[in-house]
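Note that these values count all heavy atoms, side chains included, but never hydrogens, waters or copies made by symmetry.
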Amino acid sequence: MKYIKKIFLMLLVLAAGIVMSCEMEVKGKSLSIKEPEYSDIDGDFQESGDERLWSILIYMAADNNLEAAAIEDLCELESSKINSNKVSLFALIDRNPNYDSSNDNWTGSRMYKISTGNAAGSKVIKSTEISCENIGLIAGQNSELDMSSTYVLSGALEYIMSRYPAENYALIVWGHGTGWRSQNQSEEFDQGLFKGFCSDASSDCIMTLYQFSDALKTALGQRKLDFLGFDTCYGGEIEILYQLRDSAQYLAGSEGLIAFSGWDYKYLFDYFEDQGIYSRESLAQSTVEQFKEKYAYTNRASIIVSDQSYVSDYTETFNEFSAFVANKISNLEIQQEVFDILYSGKPCTTEKYTYGKENYDVYLDVSSMIENLNDYFTKSGNLSQSEKNELKVLYEKFIELDKKIFLESWASDREKGGAGVYFSTLSANGLLATSHPEAYISDSTYYQIDFVKDCKGYVPLKNTGESLLDKLFYTQF
(Lines give C-alpha, C1' and ligand atoms only; values in the text may rest on other atoms or scores of the structure.)
Protein backbone atom coordinates (compact mmCIF):
# COMPACT_ATOMS: atom_id res chain seq x y z
CA MET A 1 0.00 0.00 0.00
CA LYS A 2 2.84 2.40 0.94
CA TYR A 3 4.50 1.59 -2.37
CA ILE A 4 1.34 2.49 -4.31
CA LYS A 5 1.00 5.77 -2.37
CA LYS A 6 4.62 6.66 -3.14
CA ILE A 7 4.08 6.08 -6.86
CA PHE A 8 0.89 8.13 -6.74
CA LEU A 9 2.67 11.05 -5.06
CA MET A 10 5.50 10.92 -7.59
CA LEU A 11 2.96 11.07 -10.41
CA LEU A 12 1.28 14.10 -8.82
CA VAL A 13 4.60 15.95 -8.53
CA LEU A 14 5.47 15.16 -12.13
CA ALA A 15 2.06 16.34 -13.35
CA ALA A 16 2.34 19.58 -11.37
CA GLY A 17 5.73 20.26 -12.93
CA ILE A 18 4.36 19.78 -16.44
CA VAL A 19 1.45 22.17 -15.74
CA MET A 20 3.78 24.83 -14.29
CA SER A 21 6.08 24.56 -17.31
CA CYS A 22 3.16 25.00 -19.72
CA GLU A 23 1.86 28.01 -17.80
CA MET A 24 5.27 29.65 -18.00
CA GLU A 25 5.45 29.21 -21.74
CA VAL A 26 1.96 30.69 -22.26
CA LYS A 27 2.06 33.56 -19.78
CA GLY A 28 5.71 34.44 -19.52
CA LYS A 29 7.23 34.30 -23.01
CA SER A 30 9.00 30.96 -22.55
CA LEU A 31 10.11 31.64 -18.98
CA SER A 32 10.36 27.90 -18.51
CA ILE A 33 13.60 28.17 -20.52
CA LYS A 34 14.90 31.54 -19.35
CA GLU A 35 14.24 31.36 -15.61
CA PRO A 36 16.77 28.60 -14.82
CA GLU A 37 19.39 30.44 -16.86
CA TYR A 38 18.85 33.68 -14.97
CA SER A 39 18.77 32.01 -11.56
CA ASP A 40 21.92 29.99 -12.28
CA ILE A 41 23.88 33.05 -13.40
CA ASP A 42 22.36 36.02 -11.66
CA GLY A 43 20.39 34.96 -8.61
CA ASP A 44 16.61 35.12 -8.50
CA PHE A 45 14.82 35.91 -11.75
CA GLN A 46 13.37 39.21 -10.50
CA GLU A 47 15.38 41.41 -8.18
CA SER A 48 13.46 42.99 -5.35
CA GLY A 49 12.75 46.65 -6.07
CA ASP A 50 10.65 47.90 -3.18
CA GLU A 51 12.34 51.32 -3.25
CA ARG A 52 13.22 51.45 -6.94
CA LEU A 53 11.52 54.34 -8.70
CA TRP A 54 13.48 54.13 -11.96
CA SER A 55 15.28 51.54 -14.06
CA ILE A 56 17.25 53.35 -16.76
CA LEU A 57 19.11 51.69 -19.63
CA ILE A 58 21.83 53.61 -21.47
CA TYR A 59 22.23 51.84 -24.82
CA MET A 60 25.82 52.68 -25.79
CA ALA A 61 26.52 51.88 -29.45
CA ALA A 62 30.27 52.63 -29.26
CA ASP A 63 31.61 50.13 -31.79
CA ASN A 64 32.87 53.09 -33.82
CA ASN A 65 34.98 56.21 -33.37
CA LEU A 66 33.04 57.19 -30.23
CA GLU A 67 34.55 54.39 -28.14
CA ALA A 68 36.67 56.65 -25.90
CA ALA A 69 33.70 58.94 -25.24
CA ALA A 70 31.66 55.92 -24.14
CA ILE A 71 34.24 54.96 -21.51
CA GLU A 72 34.30 58.55 -20.30
CA ASP A 73 30.52 58.64 -19.99
CA LEU A 74 30.45 55.31 -18.15
CA CYS A 75 32.81 56.83 -15.59
CA GLU A 76 30.59 59.93 -15.39
CA LEU A 77 27.66 57.68 -14.53
CA GLU A 78 29.71 56.01 -11.81
CA SER A 79 30.76 59.33 -10.28
CA SER A 80 27.20 60.63 -9.96
CA LYS A 81 25.61 60.75 -6.52
CA ILE A 82 22.25 59.32 -7.56
CA ASN A 83 20.65 57.05 -4.97
CA SER A 84 21.03 53.66 -6.64
CA ASN A 85 18.34 52.14 -4.41
CA LYS A 86 15.82 54.47 -5.97
CA VAL A 87 17.34 54.89 -9.44
CA SER A 88 19.02 51.84 -10.98
CA LEU A 89 21.30 52.67 -13.93
CA PHE A 90 22.38 50.12 -16.52
CA ALA A 91 24.75 50.48 -19.45
CA LEU A 92 24.94 48.11 -22.40
CA ILE A 93 28.18 49.05 -24.15
CA ASP A 94 29.73 47.67 -27.33
CA ARG A 95 33.37 48.67 -27.85
CA ASN A 96 35.60 48.96 -30.89
CA PRO A 97 39.16 47.53 -31.11
CA ASN A 98 40.74 50.71 -32.46
CA TYR A 99 39.90 53.89 -30.56
CA ASP A 100 40.54 53.32 -26.85
CA SER A 101 42.88 51.01 -24.93
CA SER A 102 41.82 51.75 -21.34
CA ASN A 103 40.29 49.30 -18.86
CA ASP A 104 42.37 46.32 -20.03
CA ASN A 105 41.42 47.13 -23.62
CA TRP A 106 38.68 44.53 -23.69
CA THR A 107 36.60 44.47 -26.84
CA GLY A 108 33.12 43.27 -27.52
CA SER A 109 29.97 43.92 -25.52
CA ARG A 110 29.15 44.11 -21.82
CA MET A 111 26.23 45.12 -19.64
CA TYR A 112 26.92 46.90 -16.36
CA LYS A 113 24.75 47.61 -13.35
CA ILE A 114 26.21 51.00 -12.51
CA SER A 115 27.78 51.57 -9.10
CA THR A 116 27.50 55.25 -8.21
CA GLY A 117 29.33 57.56 -5.83
CA ASN A 118 32.81 56.90 -7.20
CA ALA A 119 35.52 59.55 -7.36
CA ALA A 120 35.00 62.21 -10.01
CA GLY A 121 37.49 62.06 -12.84
CA SER A 122 38.14 58.35 -12.51
CA LYS A 123 38.97 56.60 -15.77
CA VAL A 124 38.52 53.04 -14.49
CA ILE A 125 35.17 51.23 -14.77
CA LYS A 126 34.22 49.84 -11.34
CA SER A 127 30.63 48.75 -11.91
CA THR A 128 29.40 45.16 -11.80
CA GLU A 129 29.21 43.31 -15.10
CA ILE A 130 25.95 41.40 -15.38
CA SER A 131 24.54 38.81 -17.73
CA CYS A 132 21.71 39.38 -20.17
CA GLU A 133 21.12 35.84 -21.29
CA ASN A 134 18.27 36.52 -23.70
CA ILE A 135 20.62 38.46 -26.03
CA GLY A 136 23.51 36.05 -25.56
CA LEU A 137 25.46 38.13 -23.06
CA ILE A 138 27.11 36.28 -20.17
CA ALA A 139 29.25 38.07 -17.59
CA GLY A 140 32.89 37.13 -17.82
CA GLN A 141 32.64 35.75 -21.34
CA ASN A 142 33.66 37.55 -24.52
CA SER A 143 30.63 38.51 -26.58
CA GLU A 144 30.18 40.65 -29.68
CA LEU A 145 26.72 42.11 -30.10
CA ASP A 146 25.39 43.95 -33.13
CA MET A 147 24.00 47.09 -31.50
CA SER A 148 22.14 47.96 -34.72
CA SER A 149 20.04 44.81 -34.25
CA THR A 150 16.44 45.30 -33.17
CA TYR A 151 16.72 41.95 -31.38
CA VAL A 152 19.51 43.28 -29.16
CA LEU A 153 17.72 46.54 -28.35
CA SER A 154 14.35 44.97 -27.59
CA GLY A 155 15.95 42.07 -25.69
CA ALA A 156 18.06 44.33 -23.49
CA LEU A 157 15.11 46.58 -22.67
CA GLU A 158 12.84 43.62 -21.93
CA TYR A 159 15.47 42.18 -19.61
CA ILE A 160 15.87 45.37 -17.59
CA MET A 161 12.12 45.86 -17.25
CA SER A 162 11.48 42.27 -16.14
CA ARG A 163 14.59 41.72 -14.02
CA TYR A 164 14.63 45.14 -12.31
CA PRO A 165 10.99 46.26 -11.94
CA ALA A 166 10.42 49.92 -11.14
CA GLU A 167 7.70 52.55 -11.17
CA ASN A 168 9.30 54.24 -14.19
CA TYR A 169 11.46 53.08 -17.10
CA ALA A 170 13.78 55.08 -19.30
CA LEU A 171 15.97 54.41 -22.31
CA ILE A 172 18.83 56.66 -23.41
CA VAL A 173 20.16 55.97 -26.89
CA TRP A 174 23.87 56.80 -27.02
CA GLY A 175 26.05 57.10 -30.13
CA HIS A 176 25.83 58.36 -33.68
CA GLY A 177 22.53 59.58 -35.04
CA THR A 178 21.55 60.96 -38.41
CA GLY A 179 17.85 61.53 -38.09
CA TRP A 180 14.80 60.36 -39.94
CA ARG A 181 15.94 57.65 -42.35
CA SER A 182 13.58 54.70 -42.82
CA GLN A 183 14.23 51.31 -44.36
CA ASN A 184 14.45 51.28 -48.14
CA GLN A 185 15.27 47.98 -49.73
CA SER A 186 15.95 49.54 -53.12
CA GLU A 187 19.07 51.33 -51.82
CA GLU A 188 22.35 49.63 -51.10
CA PHE A 189 23.57 50.14 -47.56
CA ASP A 190 25.91 53.09 -47.19
CA GLN A 191 26.68 54.91 -43.95
CA GLY A 192 26.50 58.21 -45.80
CA LEU A 193 23.19 57.58 -47.53
CA PHE A 194 21.31 55.10 -45.43
CA LYS A 195 21.06 56.60 -41.98
CA GLY A 196 19.59 56.15 -38.54
CA PHE A 197 20.94 55.25 -35.09
CA CYS A 198 23.29 52.81 -33.34
CA SER A 199 26.11 52.58 -35.88
CA ASP A 200 28.01 49.29 -35.47
CA ALA A 201 31.33 49.05 -37.31
CA SER A 202 31.85 45.32 -36.70
CA SER A 203 28.58 44.46 -38.44
CA ASP A 204 28.75 47.44 -40.83
CA CYS A 205 25.12 48.20 -40.05
CA ILE A 206 22.96 50.93 -38.60
CA MET A 207 19.44 50.87 -37.15
CA THR A 208 16.87 52.88 -39.09
CA LEU A 209 14.12 54.85 -37.39
CA TYR A 210 11.56 52.36 -38.71
CA GLN A 211 13.52 49.48 -37.16
CA PHE A 212 14.08 51.36 -33.90
CA SER A 213 10.36 51.97 -33.57
CA ASP A 214 9.65 48.31 -34.25
CA ALA A 215 12.14 47.23 -31.56
CA LEU A 216 10.44 49.46 -28.97
CA LYS A 217 7.01 48.07 -29.83
CA THR A 218 8.35 44.54 -29.38
CA ALA A 219 9.85 45.33 -25.98
CA LEU A 220 7.10 47.54 -24.60
CA GLY A 221 3.89 45.93 -25.79
CA GLN A 222 1.02 48.15 -24.67
CA ARG A 223 2.99 50.30 -22.22
CA LYS A 224 5.17 53.37 -22.81
CA LEU A 225 8.60 54.37 -21.66
CA ASP A 226 8.37 57.18 -19.15
CA PHE A 227 11.40 58.86 -20.72
CA LEU A 228 13.29 58.32 -23.97
CA GLY A 229 16.47 60.27 -24.62
CA PHE A 230 18.72 60.58 -27.67
CA ASP A 231 22.30 61.41 -26.76
CA THR A 232 22.99 61.59 -30.49
CA CYS A 233 23.05 64.12 -33.28
CA TYR A 234 19.69 64.84 -34.93
CA GLY A 235 17.56 63.11 -32.29
CA GLY A 236 14.99 65.90 -32.05
CA GLU A 237 13.39 65.84 -35.50
CA ILE A 238 9.62 65.90 -35.97
CA GLU A 239 9.87 62.66 -37.94
CA ILE A 240 11.33 60.95 -34.85
CA LEU A 241 8.85 62.50 -32.44
CA TYR A 242 5.95 61.39 -34.62
CA GLN A 243 7.25 57.86 -35.21
CA LEU A 244 7.71 57.32 -31.47
CA ARG A 245 4.61 59.17 -30.31
CA ASP A 246 3.13 56.04 -28.68
CA SER A 247 6.41 54.69 -27.27
CA ALA A 248 7.26 57.28 -24.60
CA GLN A 249 5.69 59.97 -22.46
CA TYR A 250 8.65 62.32 -22.84
CA LEU A 251 11.35 62.38 -25.53
CA ALA A 252 14.60 64.34 -25.37
CA GLY A 253 16.83 65.14 -28.32
CA SER A 254 18.70 67.80 -30.29
CA GLU A 255 17.71 68.96 -33.76
CA GLY A 256 21.32 69.53 -34.78
CA LEU A 257 24.83 68.29 -34.09
CA ILE A 258 26.21 67.61 -30.63
CA ALA A 259 29.83 67.09 -29.58
CA PHE A 260 31.51 63.67 -29.38
CA SER A 261 31.38 63.85 -25.58
CA GLY A 262 27.59 64.17 -25.65
CA TRP A 263 25.67 64.57 -22.41
CA ASP A 264 27.24 65.17 -19.00
CA TYR A 265 25.92 62.19 -17.02
CA LYS A 266 27.40 63.18 -13.67
CA TYR A 267 25.73 66.58 -13.84
CA LEU A 268 22.48 65.06 -15.10
CA PHE A 269 22.07 62.53 -12.30
CA ASP A 270 23.52 64.81 -9.61
CA TYR A 271 20.89 67.39 -10.56
CA PHE A 272 18.20 64.69 -10.63
CA GLU A 273 19.22 63.55 -7.13
CA ASP A 274 19.29 67.10 -5.79
CA GLN A 275 15.66 67.64 -6.83
CA GLY A 276 14.65 64.81 -4.50
CA ILE A 277 11.48 64.21 -6.51
CA TYR A 278 12.47 61.46 -9.00
CA SER A 279 9.55 62.34 -11.28
CA ARG A 280 9.47 62.14 -15.07
CA GLU A 281 9.32 65.92 -15.23
CA SER A 282 12.33 66.21 -12.93
CA LEU A 283 14.34 63.84 -15.16
CA ALA A 284 13.35 65.93 -18.17
CA GLN A 285 14.48 69.12 -16.43
CA SER A 286 17.74 67.49 -15.35
CA THR A 287 18.47 66.44 -18.93
CA VAL A 288 18.07 69.97 -20.25
CA GLU A 289 19.97 71.54 -17.35
CA GLN A 290 23.06 69.37 -17.89
CA PHE A 291 23.02 70.17 -21.60
CA LYS A 292 22.62 73.87 -20.92
CA GLU A 293 25.51 73.85 -18.44
CA LYS A 294 27.82 71.95 -20.78
CA TYR A 295 27.06 73.78 -24.03
CA ALA A 296 26.23 77.29 -22.83
CA TYR A 297 29.05 78.74 -24.93
CA THR A 298 28.78 76.37 -27.90
CA ASN A 299 27.43 77.77 -31.13
CA ARG A 300 24.07 76.38 -32.30
CA ALA A 301 23.58 73.93 -29.46
CA SER A 302 19.99 73.04 -28.62
CA ILE A 303 17.85 70.43 -26.90
CA ILE A 304 14.15 69.79 -26.33
CA VAL A 305 12.03 67.47 -24.24
CA SER A 306 8.73 66.91 -25.99
CA ASP A 307 5.51 65.88 -24.32
CA GLN A 308 4.57 63.11 -26.71
CA SER A 309 0.85 63.44 -25.97
CA TYR A 310 0.83 66.58 -28.17
CA VAL A 311 2.87 65.20 -31.07
CA SER A 312 -0.02 63.97 -33.22
CA ASP A 313 -1.84 67.33 -33.12
CA TYR A 314 1.43 69.21 -33.59
CA THR A 315 2.35 67.19 -36.66
CA GLU A 316 -1.14 67.37 -38.13
CA THR A 317 -1.12 71.16 -37.82
CA PHE A 318 2.32 71.37 -39.39
CA ASN A 319 1.00 69.26 -42.27
CA GLU A 320 -2.08 71.47 -42.72
CA PHE A 321 0.03 74.63 -42.68
CA SER A 322 2.44 73.14 -45.23
CA ALA A 323 -0.44 72.14 -47.51
CA PHE A 324 -1.89 75.68 -47.31
CA VAL A 325 1.45 77.26 -48.25
CA ALA A 326 1.99 74.77 -51.08
CA ASN A 327 -1.38 75.68 -52.55
CA LYS A 328 -0.41 79.37 -52.61
CA ILE A 329 2.84 78.82 -54.53
CA SER A 330 1.30 79.55 -57.89
CA ASN A 331 4.13 81.09 -59.89
CA LEU A 332 7.92 81.19 -60.19
CA GLU A 333 8.26 84.42 -58.22
CA ILE A 334 6.46 83.09 -55.14
CA GLN A 335 8.30 79.79 -55.44
CA GLN A 336 11.69 81.55 -55.35
CA GLU A 337 10.70 83.89 -52.53
CA VAL A 338 9.48 81.01 -50.35
CA PHE A 339 12.62 79.02 -51.10
CA ASP A 340 14.79 81.99 -50.15
CA ILE A 341 12.89 82.47 -46.89
CA LEU A 342 13.42 78.86 -45.93
CA TYR A 343 16.95 78.24 -47.07
CA SER A 344 19.24 80.44 -49.08
CA GLY A 345 18.09 83.96 -49.74
CA LYS A 346 19.08 87.23 -48.09
CA PRO A 347 15.84 87.40 -46.08
CA CYS A 348 16.37 83.86 -44.76
CA THR A 349 16.22 83.69 -40.97
CA THR A 350 14.95 80.13 -40.77
CA GLU A 351 17.19 78.09 -38.49
CA LYS A 352 18.85 75.20 -40.33
CA TYR A 353 21.13 72.38 -39.24
CA THR A 354 23.52 70.25 -41.26
CA TYR A 355 26.96 68.69 -41.02
CA GLY A 356 27.69 70.48 -44.30
CA LYS A 357 29.24 67.67 -46.33
CA GLU A 358 28.17 65.61 -49.33
CA ASN A 359 25.29 63.20 -48.64
CA TYR A 360 24.49 64.86 -45.31
CA ASP A 361 20.97 66.08 -44.69
CA VAL A 362 19.69 69.60 -44.11
CA TYR A 363 17.10 70.11 -41.36
CA LEU A 364 14.97 73.21 -40.83
CA ASP A 365 13.70 74.30 -37.44
CA VAL A 366 9.94 73.78 -37.59
CA SER A 367 9.00 76.75 -35.40
CA SER A 368 11.09 79.34 -37.24
CA MET A 369 9.99 77.86 -40.56
CA ILE A 370 6.30 78.37 -39.70
CA GLU A 371 6.98 81.81 -38.23
CA ASN A 372 8.73 83.04 -41.38
CA LEU A 373 6.21 81.57 -43.80
CA ASN A 374 3.33 83.10 -41.86
CA ASP A 375 5.06 86.49 -41.84
CA TYR A 376 5.68 86.36 -45.59
CA PHE A 377 2.15 85.42 -46.65
CA THR A 378 0.49 87.73 -44.12
CA LYS A 379 2.39 90.73 -45.48
CA SER A 380 2.34 89.79 -49.15
CA GLY A 381 -0.42 90.73 -51.55
CA ASN A 382 -0.84 87.14 -52.70
CA LEU A 383 -3.72 86.24 -50.39
CA SER A 384 -7.31 87.38 -50.22
CA GLN A 385 -8.74 88.45 -46.87
CA SER A 386 -10.51 85.12 -46.41
CA GLU A 387 -7.26 83.29 -47.16
CA LYS A 388 -5.42 85.45 -44.64
CA ASN A 389 -8.07 84.59 -42.07
CA GLU A 390 -7.58 80.89 -42.82
CA LEU A 391 -3.83 81.26 -42.47
CA LYS A 392 -4.25 83.08 -39.16
CA VAL A 393 -6.32 80.23 -37.73
CA LEU A 394 -3.69 77.67 -38.76
CA TYR A 395 -0.85 79.78 -37.43
CA GLU A 396 -2.47 80.42 -34.05
CA LYS A 397 -3.29 76.74 -33.72
CA PHE A 398 0.34 75.85 -34.38
CA ILE A 399 1.69 78.46 -31.95
CA GLU A 400 -0.56 77.15 -29.20
CA LEU A 401 0.64 73.60 -29.75
CA ASP A 402 4.24 74.79 -30.03
CA LYS A 403 3.91 76.16 -26.48
CA LYS A 404 2.46 72.91 -25.15
CA ILE A 405 4.59 70.27 -26.82
CA PHE A 406 7.96 71.29 -25.37
CA LEU A 407 8.01 70.51 -21.68
CA GLU A 408 11.60 71.76 -21.61
CA SER A 409 13.73 73.42 -24.30
CA TRP A 410 16.95 75.39 -24.60
CA ALA A 411 19.22 76.81 -27.31
CA SER A 412 22.58 78.55 -26.98
CA ASP A 413 21.94 81.26 -29.56
CA ARG A 414 18.18 81.87 -29.54
CA GLU A 415 15.24 82.01 -27.20
CA LYS A 416 14.49 78.28 -27.13
CA GLY A 417 15.17 74.99 -28.85
CA GLY A 418 12.78 73.28 -31.21
CA ALA A 419 12.15 70.30 -33.44
CA GLY A 420 13.70 69.98 -36.88
CA VAL A 421 12.29 68.63 -40.13
CA TYR A 422 14.17 67.18 -43.09
CA PHE A 423 14.40 69.55 -46.06
CA SER A 424 16.97 68.16 -48.50
CA THR A 425 20.41 66.55 -48.81
CA LEU A 426 23.66 68.16 -49.89
CA SER A 427 25.22 67.08 -53.18
CA ALA A 428 28.92 66.86 -54.08
CA ASN A 429 29.17 70.56 -55.01
CA GLY A 430 27.60 71.72 -51.76
CA LEU A 431 24.25 72.54 -53.35
CA LEU A 432 20.97 70.87 -52.51
CA ALA A 433 20.28 67.57 -54.25
CA THR A 434 17.93 67.63 -57.22
CA SER A 435 15.76 64.88 -55.75
CA HIS A 436 14.74 63.45 -52.38
CA PRO A 437 15.47 59.89 -51.24
CA GLU A 438 12.84 57.42 -52.33
CA ALA A 439 12.11 56.55 -48.71
CA TYR A 440 11.01 60.18 -48.16
CA ILE A 441 8.58 60.17 -51.09
CA SER A 442 5.13 59.17 -49.95
CA ASP A 443 3.90 55.74 -51.12
CA SER A 444 7.17 54.94 -52.89
CA THR A 445 8.49 52.16 -50.65
CA TYR A 446 7.07 49.62 -48.22
CA TYR A 447 9.10 50.39 -45.11
CA GLN A 448 8.19 54.05 -44.64
CA ILE A 449 8.09 55.98 -41.40
CA ASP A 450 4.70 57.32 -40.32
CA PHE A 451 5.57 60.96 -41.00
CA VAL A 452 6.23 60.20 -44.69
CA LYS A 453 3.00 58.23 -44.94
CA ASP A 454 0.82 60.76 -43.12
CA CYS A 455 2.23 64.23 -43.87
CA LYS A 456 1.36 64.55 -47.53
CA GLY A 457 1.06 68.31 -47.26
CA TYR A 458 4.82 68.47 -46.74
CA VAL A 459 6.68 65.42 -48.12
CA PRO A 460 7.02 64.82 -51.87
CA LEU A 461 4.27 62.74 -53.40
CA LYS A 462 4.72 60.03 -55.98
CA ASN A 463 1.97 61.13 -58.33
CA THR A 464 0.14 64.39 -57.52
CA GLY A 465 3.02 66.78 -56.85
CA GLU A 466 1.00 69.16 -54.65
CA SER A 467 2.98 69.12 -51.39
CA LEU A 468 5.25 71.91 -50.12
CA LEU A 469 8.46 70.09 -51.09
CA ASP A 470 6.94 69.23 -54.46
CA LYS A 471 6.18 72.87 -55.14
CA LEU A 472 9.65 74.00 -54.07
CA PHE A 473 11.77 71.33 -55.76
CA TYR A 474 9.84 69.75 -58.63
CA THR A 475 7.16 72.13 -59.93
CA GLN A 476 8.11 74.13 -63.03
CA PHE A 477 6.23 77.33 -63.84
By salt bridge (Lys or Arg N to Asp or Glu O under 4.0 Å), Lys224 pairs with (sequence neighbours left out) none
Taking salt bridge (Lys or Arg N to Asp or Glu O under 4.0 Å) as the test, write out the residues that go with Lys86, two or more places apart.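 Salt bridge (Lys or Arg N to Asp or Glu O under 4.0 Å) list for Lys86, sorted by chain: empty.
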When you measure from the side chain of [X] to the backbone of [Y], do you find a donor-acceptor pair of N or O atoms at a distance under 3.5 Å?
{"X": "Ser199", "Y": "Ile206", "value": "no"}
{"X": "Glu167", "Y": "Trp54", "value": "no"}
{"X": "Thr475", "Y": "Asp470", "value": "yes"}
{"X": "Asp100", "Y": "Glu67", "value": "no"}
{"X": "Ser213", "Y": "Tyr210", "value": "no"}
{"X": "Asn374", "Y": "Tyr395", "value": "no"}
{"X": "Thr232", "Y": "Gly175", "value": "no"}
{"X": "Gln211", "Y": "Thr208", "value": "yes"}
{"X": "Ser203", "Y": "Asp146", "value": "no"}

Could you check whether [Y] and [X], counting side-chain N and O atoms only, form a donor-acceptor pair closer than 3.5 Å?
{"X": "Asp94", "Y": "Ser109", "value": "yes"}
{"X": "Glu78", "Y": "Tyr112", "value": "no"}
{"X": "Gln336", "Y": "Asp340", "value": "yes"}
{"X": "Ser79", "Y": "Asn118", "value": "no"}
{"X": "Thr150", "Y": "Asp214", "value": "no"}
{"X": "Ser261", "Y": "Lys294", "value": "yes"}
{"X": "Glu239", "Y": "Tyr440", "value": "yes"}

With rounding to the nearest 0.5 angstrom, report the OG to CZ distance, Ser254 to Arg300. 12.0 Å
Count the heavy atoms of every other residue, nucleotide or ligand shown that sit under 6.0 Å from OH of Tyr343, and state whether that count exceeds 12. yes
Please determine whether the number of non-hydrogen atoms from other residues, nucleotides or ligands lying under 6.0 Å from atom NZ of Lys392 exceeds 12. no
Ring centres of Phe318 and Tyr458 under 6.0 Å apart?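 Ring centres of Tyr458 and Phe318 closer than 6.0 Å.
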Looking at Phe339 versus Phe473, is the centre-to-centre ring distance below 6.0 Å?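 When the ring centroids of Phe339 and Phe473 are compared, they turn out to be within the sub-6.0 Å range.
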With sequence neighbours left out, write down each residue that passes ring pair (Phe, Tyr, Trp, His ring centres under 6.0 Å) with [X], or none if nothing qualifies.
{"X": "Phe321", "value": "none"}
{"X": "Phe477", "value": "none"}
{"X": "Tyr474", "value": "His436"}
{"X": "Tyr295", "value": "Phe291"}

I'd like to check the side chain to side chain contact (heavy atoms under 4.5 Å, CB included) partners of [X]; sequence neighbours left out, ordered by chain and number.
{"X": "Asn65", "value": "Tyr99, His176, Phe260"}
{"X": "Ala70", "value": "Met60, Ala62, Ile93, Trp174"}
{"X": "Glu320", "value": "Glu316, Leu394, Lys397"}

So, Glu438 and Arg181, do they make that salt bridge, N to O below 4.0 Å? no
Do NZ/NE/NH1/NH2 and the carboxylate oxygens of Asp443 and Lys456 come within less than 4.0 Å?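 A salt bridge links Asp443 with Lys456.
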Of Asp226, Asp307, Asn168, which is the lone residue that meets side chain to side chain donor-acceptor pair (under 3.5 Å) with Gln249? Asp307
List for me each residue that meets side chain to side chain donor-acceptor pair (under 3.5 Å) alongside Asp274, sequence neighbours excluded, and say none if there are none.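 Testing Asp274 for side chain to side chain donor-acceptor pair (under 3.5 Å), a comparison that skips the adjacent residues, returns Lys81.
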Give me the ring orientation class for Tyr271 and Tyr267: parallel if the planes are under 30° apart, tilted from 30 to 60°, perpendicular past 60°. parallel
Any ring-ring contact (aromatic ring centres under 6.0 Å, His included) pairs touching residues 228-251, not counting sequence neighbours?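 Qualifying pairs: Phe197-Phe230, Phe212-Phe230, Tyr234-Tyr363.
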Show which side-chain atoms of residues 421-433 pair as donor or acceptor with protein atoms under 3.5 Å away, not counting sequence neighbours.
residue : atom : partner : partner atom : Å
Tyr422  : OH   : Thr425  : OG1          : 2.6
Thr425  : OG1  : Asp361  : OD1          : 2.7
Ser427  : OG   : Asn429  : OD1          : 2.6
Ser427  : OG   : Leu431  : O            : 2.9
Asn429  : OD1  : Leu431  : N            : 3.0

